[in-house]
> 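Here it is, the structure, as structure tokens.
Per chain, numbering begins at 1; letters A, B, ... match sequence-line order.
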Amino acid sequence: QKEVEQDPGPLSVPEGAIVSLNCTYSNSAFQYFMWYRQYSRKGPELLMYTYSSGNKEDGRFTAQVDKSSKYISLFIRDSQPSDSATYLCAMSLGQGGSNYKLTFGKGTLLTVNP
Amino acid sequence: GAGVSQSPSNKVTEKGKDVELRCDPISGHTALYWYRQSLGQGLEFLIYFQGNSAPDKSGLPSDRFSAERTGGSVSTLTIQRTQQEDSAVYLCASSRQGGNQPQHFGDGTRLSIL
């Protein structure tokens, strides 16, 4: 079993739709959770950075972490064609140990159609 | 241009040649990371620098891979006697400190081994 599982898609939605992206993980020691957006031939861009369980909102983006289920989500409201990209979840351990090392999902390719 | 800068953006070389990839982190960031992104494998951790020292080299795939960082700033990743399986995008990231600090990525070097 991979440490982090992410449906690769592709996911295609109409403009204005609410998008839900998800990852599951197996290591209960993960404490920090991130979502990155990656455009074609570009590096990953940090969108959301959260610690432990709960919700975090930033504009049209909401990140949710459910540690009891080992499940994280990213919601995009009022999706735009410019949101078309690959979305990567990433996570790291808490204090101590190799907590600098990010473990990534393989990414979900999203297309928002005008 | 205050982001992570990587060069070259693309590199094509023949099997058996040595290559050197360069990363210039965000000014003031003491921690620097190299990752590799290949089709089917996603993003994989290679090495972590704190200042000029590399406390974690555990992700380097073989002894053909080495990295150094000088002056607490620029880092080079060297691959000797390249093989076709080394073809991938090599990504560099930096953060203010090590540990659970947000990592910011450059656009990577796309390496193709013929």
> Whether the S12(A) and N113(A) side chains hold a donor-acceptor pair (N or O, under 3.5 Å, no angle test) is what I'd like checked.
yes
> Any salt bridge between E20(B) and K11(B), counting N to O under 4.0 Å?
no
> Do you know which of N100(B), D107(B), V89(B) has the most heavy-atom pairs under 4.5 Å to chain A?
N100(B)
> Suppose we screen for ring-ring contact (aromatic ring centres under 6.0 Å, His included). Which residues come up paired with Y87(A), at least two apart in sequence or across chains?
none
> Look at the aromatic rings of Y36(A) and F104(A) and report parallel, tilted or perpendicular, splitting at 30° and 60°.
tilted
> Quick one: pull up CD in E3(A) and OG in S26(A) and give me the separation to the nearest 0.5 Å.
5.5 Å
> Checking heavy atoms, do the side chain of L91(B), its backbone, both or neither come under 4.5 Å from chain A?
side chain
> Is the closest basic N to carboxylate O distance between R60(A) and D83(A) below 4.0 Å?
yes
> With distance as the sole test, does T50(A) use its side chain to make a donor-acceptor pair with the main-chain N or O of F33(A) at under 3.5 Å?
yes
> Below 4.5 Å from any heavy atom of chain B, which atoms of Y51(A) appear? Answer side chain, backbone, both or neither.
neither
> Suppose a student defines contact as a heavy atom less than 4.5 Å from any heavy atom of chain A. Which residues in residues 71-85 of chain B would they list?
none
> Is it the side chain or the backbone of L93(A) that comes within 4.5 Å of chain B heavy atoms, both, or neither?
backbone
> What part of Q38(A) is in contact with chain B, defined as an atom under 4.5 angstrom from a non-hydrogen atom: side chain, backbone, both or neither?
side chain
> Checking heavy atoms, do the side chain of Q103(B), its backbone, both or neither come under 4.5 Å from chain A?
both
> Given heavy-atom pairs under 4.5 angstrom as the criterion, report whether the side chain, backbone, both or neither of L102(A) touches chain B.
both
> With distance as the sole test, does S53(A) use its side chain to make a donor-acceptor pair with the main-chain N or O of K67(A) at under 3.5 Å?
yes
> Which one wins on heavy-atom pair count under 4.5 Å against chain B: E45(A), R41(A), K106(A)?
R41(A)
> Quick one, Y25(A) with Y71(A), criterion ring-ring contact (aromatic ring centres under 6.0 Å, His included). Give me CA distance, side-chain angles, the key distance, then yes/no.
CA-CA 7 Å; Y25(A) 62 95; Y71(A) 187 87; 9.3 Å; no
> Charged N to carboxylate O under 4.0 angstrom, D86(B) versus K15(B)?
no
> Sort S95(B) into side chain, backbone, both or neither according to what part of it lies under 4.5 angstrom from a heavy atom of chain A.
neither
